[in-house]
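In what follows, every heavy atom counts, from backbone to side chain, and hydrogens, waters and symmetry copies are set aside. Residue numbers start at 1 and run along the sequence shown. Start at 1 and go down the list; that is how both ligands and their atoms are numbered.
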Amino acid sequence: MDNRILVTGGAGYIGSHTCVELLNAGYDIAVYDNFINSDPEACARVMQLCDKAFPVIEGDVRDTAHLTATLKAHNCKTVVHFAGLKAVGESSEDPVKYYDNNVAGSLSLLKAMQAAEATNIVFSSSATVYGEPEFLPYTEDHPLRATNPYGQTKLMIENILRDTHSANPQFRIAILRYFNPCGAHQSGRIGEAPKGVPNNLMPYIAQVATGQRDALNIWGNDYPTPDGTGIRDYIHVVDLAKGHVSAIAYILEHEGCLEVNLGSGRGASVLEVLKAFSKAVGRDLPSRIKARRPGDVAAYYANADKARALLNWQASRSLDEICADHWRWQSNNPNGYEGT
Ligand code: NAD
Ligand code: UFG
C-alpha cells in the first residue's frame with residue numbers, strides 16, 4: 001500500500017513548487033485540489049519536470065467524507081495544507097466566503113485526519129498574523145494580531161492547530177509563516193498564474209513587462225523608509241518549497257507544534273524590486289506614484305534564525321534570481337496555464 005504525503009492545494013502556486021521539491025526529495029505525493037484558483041496543467045508539468053506520476057484528486061477540503069476516503073485510500077499519514085483563498089481585499093468584501101473556505105476547510109481536514117489516523121500536518125500560515133510591527137525583524141514570539149478577515153482566518157487556524165496539539169500530542173504540527181513568495185521554478189514551466197488583475201507586486205510588474213498592464217502603480221512613496229516606498233521580505237518560491245521538505249523531516253523526527261518564519265531575513269523596497277525586475281527584463285519598466293494602499297504597513301521582514309537553527313534551512317536565492325526566474329516563467333507563459 002502507498003504511504004504518500006497528501007498535498008491540499010497542490011496545483012496552486014506554492015503547492016506546485018513544493019510538489020517538485022517533495023518528489024525530488026524522494027517522497028510519494030498525492031494532490032487534492034478543487035482548482036478554484038489553479039489549473040490541473042500545473043500538476044501535469046510537475047510530473048514532466050520530475051519524470052514521475054502521482055494521483056491528482058479533484059475535491060474540496062470541506063468535503064470531509066471524500067477527504068477521509070482519499071487519506072485512507074493512499075494511506076497518507078502526513079498532509080501539507082495549502083488549500084485556501086488568499087486575496088486580502090476580497091476577504092474584506094466577502095468575509096463569510098473566507099471563513100468558510102479557510103477555517104471550515106481546515107476543520108474538515110482535521111476531522112478527516114483524525115478519522116484516517118493521519119497525525120502530521122504542515123500548514124501555510126503568513127506573516128500577516130503579526131499585524132502592525134511592534135519591532136522588526138519579526139521573531140516568532142512577536143504578538144499575533146490580524147488586521148483583515150484573511151489574516152483572521154490564518155490566526156484562527158493557527159489557534160485550532162495549537163489546541164489540537166495540546167489535546168492530542170500525537171499530532172505533529174509545523175506552522176510555517178511565509179513572508180512574500182515570488183519567483184518561479186528555474187525551468188520556466190511552473191509559476192504564479194493569477195486570475196484577473198494581480199494584487200501583489202511581482203506578478204503586477206511581470207504583466208507590465210509583457211505589456212498586459214501599462215505601468216506599475218507604486219502605492220505610496222511617503223513611508224518612513226530610505227526611498228519612501230514599502231519594504232517587504234521577498235522569498236524565492238523554490239526556497240520556500242524546500243522549507244516544507246525541511247519541516248516534514250523535522251516533524252517526522254520531533255513531537256510538538258512548531259511555529260517558524262520562512263523569510264529571507266532581508267527587506268527590499270518597491271523601487272528596489274522594480275529596478276531588479278527591470279534588470280531581468282533588460283529595460284526600464286514604467287511606473288507612477290499613487291496614494292498609499294489602505295491597510296499597508298511601511299515595512300516588515302523576517303528574523304529567520306529559528307528556521308536556520310531547527311530546520312537547517314535558509315533562503316539562498318537573491319532578489320536578482322527571483323526576478324530572472326519570475327520573468328522567464330512570465331515571458332514563456334504570458335497567460336499562465338490558459339490554453340495549454
Ligand atoms: P494559490 O491560490 O495558488 O493555491 C491555493 C490552492 O488551493 C489552489 O490550487 C486552489 O485551487 C486550492 N483551493 C482553494 N480552496 C480550496 C478548497 N476549498 N478545496 C480544495 N482546494 C482548494 O495560492 P498560493 O499562493 O499557492 O498559497 C498557498 C497557501 O499559502 C494559501 O493557504 C495561502 O493563504 C498561503 N500563503 C500565501 C502567500 C502568498 O503571498 N502567495 C503568503 C502567505 C501565505
Ligand atoms: N505594491 C505596489 N503596487 C502594486 C502592488 C504592491 O506598490 O501594484 C506594494 C505594496 O504597497 C507593498 C509591496 O508592494 O508595499 C508588497 O505588496 P504585495 O501586495 O505584493 O504584498 P503584501 O506584503 O501586501 O502582502 C502579501 C500577501 C498577503 C500575505 C503577506 C504575507 O498578499 O496575503 O504578503 O507577508 F499575508
### Task
State, without any angle test, whether E321 and S318 hold a side-chain donor-acceptor pair at a distance under 3.5 Å.
yes

### Query
To the nearest 0.1 Å, how far is atom 31 (C) of ligand 1 from its closest protein heavy atom, and which atom is that?
F82 O, 3.2 Å

### Summary
Of C43, S125, S124, the one whose closest heavy atom lies nearest atom 44 (C) of ligand 1 is S125

### Query
Using 30° and 60° as the class limits, which term best fits the ring planes of Y32 and H66: parallel, tilted or perpendicular?
tilted

### Message
For atom 19 (N) of ligand 1, what's the nearest protein heavy-atom neighbour? Residue, atom name and distance, please.
### Response
V61 N, 3.0 Å

### Exercise: do Q48 and R189 side chains pair donor with acceptor under 3.5 Å
yes

### For atom 25 (O) of ligand 1, closest protein heavy-atom neighbour
K86 NZ, 2.8 Å

### Query
If every non-hydrogen atom of C19 is compared with every non-hydrogen atom of G10, which pair is closest and at what distance?
SG-O, 3.9 Å

### Task
Would you mind listing every side-chain hydrogen bond (donor to acceptor under 3.5 Å, both in side chains) that reaches into residues 274-283, with sequence neighbours excluded?
K279-D320

Could you give the N/O to N/O pairs under 3.5 Å linking ligand 2 and the protein, each with its distance?
from, atom 1, to, atom 2, distance (Å)
ligand 2, 3 (N), N217, O, 2.7
ligand 2, 3 (N), W219, NE1, 3.3
ligand 2, 7 (O), N217, O, 3.4
ligand 2, 7 (O), W219, N, 2.9
ligand 2, 8 (O), W219, NE1, 3.4
ligand 2, 11 (O), D296, OD2, 2.6
ligand 2, 17 (O), R293, NH2, 3.4
ligand 2, 19 (O), N200, ND2, 3.0
ligand 2, 19 (O), R293, NH1, 3.4
ligand 2, 19 (O), R293, NH2, 2.8
ligand 2, 20 (O), N200, ND2, 3.4
ligand 2, 20 (O), L201, N, 2.8
ligand 2, 21 (O), N180, ND2, 3.1
ligand 2, 23 (O), N180, ND2, 3.0
ligand 2, 23 (O), R232, NE, 2.7
ligand 2, 23 (O), Y300, OH, 3.2
ligand 2, 24 (O), R293, NH2, 3.0
ligand 2, 32 (O), N200, ND2, 2.8
ligand 2, 35 (O), N180, OD1, 3.2
ligand 2, 35 (O), Y300, OH, 2.7

### Task
Decide whether an N or O pair under 3.5 Å exists between S126 and ligand 1.
no

### Task
Assess G59 for proximity to ligand 1: is some non-hydrogen atom of it under 4.0 Å away?
yes

### Task
Answer yes when E259 and R162 have at least one side-chain N-carboxylate O distance shorter than 4.0 Å, and no when they do not.
yes

### Message
So, 4.0 Å and heavy atoms of H81: is ligand 1 close enough to count as a contact?
### Response
no

### Message
Using a 4.0 Å cutoff against the non-hydrogen atoms of I36, which atoms of ligand 1 qualify?
### Response
10 (C), 11 (O), 13 (N), 14 (C), 15 (N)

### Query
At what distance is the nearest protein heavy atom to atom 26 (O) of ligand 1, and which residue and atom is it?
I14 N, 2.8 Å

### Query
Does an N or O from Y13, backbone or side chain, lie closer than 3.5 Å to an N or O of ligand 1?
yes

### Atom indices of ligand 1, in the order listed, that fall short of 4.0 Å to a heavy atom of F35
11 (O)

### Summary
Applying ring-ring contact (aromatic ring centres under 6.0 Å, His included) to H81 and not counting sequence neighbours gives F123

### Query
Could a heavy atom of A42 be found less than 4.0 Å from some atom of ligand 1?
no

### Query
Under 3.5 Å, is there a donor-acceptor pair linking the side chains of N75 and R4?
no

### Query
Any luck finding a side-chain donor-acceptor pair between T225 and S269 under 3.5 Å?
no

### Query
When you look at Y178 and S125, which way does the side-chain hydrogen bond (donor to acceptor under 3.5 Å, both in side chains) test go after all the steps?
CA-CA 6 Å; Y178 308 156; S125 190; over 6 Å; no

### Message
Which residue and atom name correspond to the protein heavy atom nearest atom 38 (C) of ligand 1, and how close is it?
### Response
P181 CG, 4.0 Å

### Message
Counting only heavy atoms, tell me which of N200, L262, N34, D39 gets closest to atom 16 (C) of ligand 1.
### Response
N34

### Query
Which pairs count as side-chain hydrogen bond (donor to acceptor under 3.5 Å, both in side chains) when at least one residue sits in residues 141-153, sequence neighbours excluded?
N102-T153, E134-R145, T139-D141

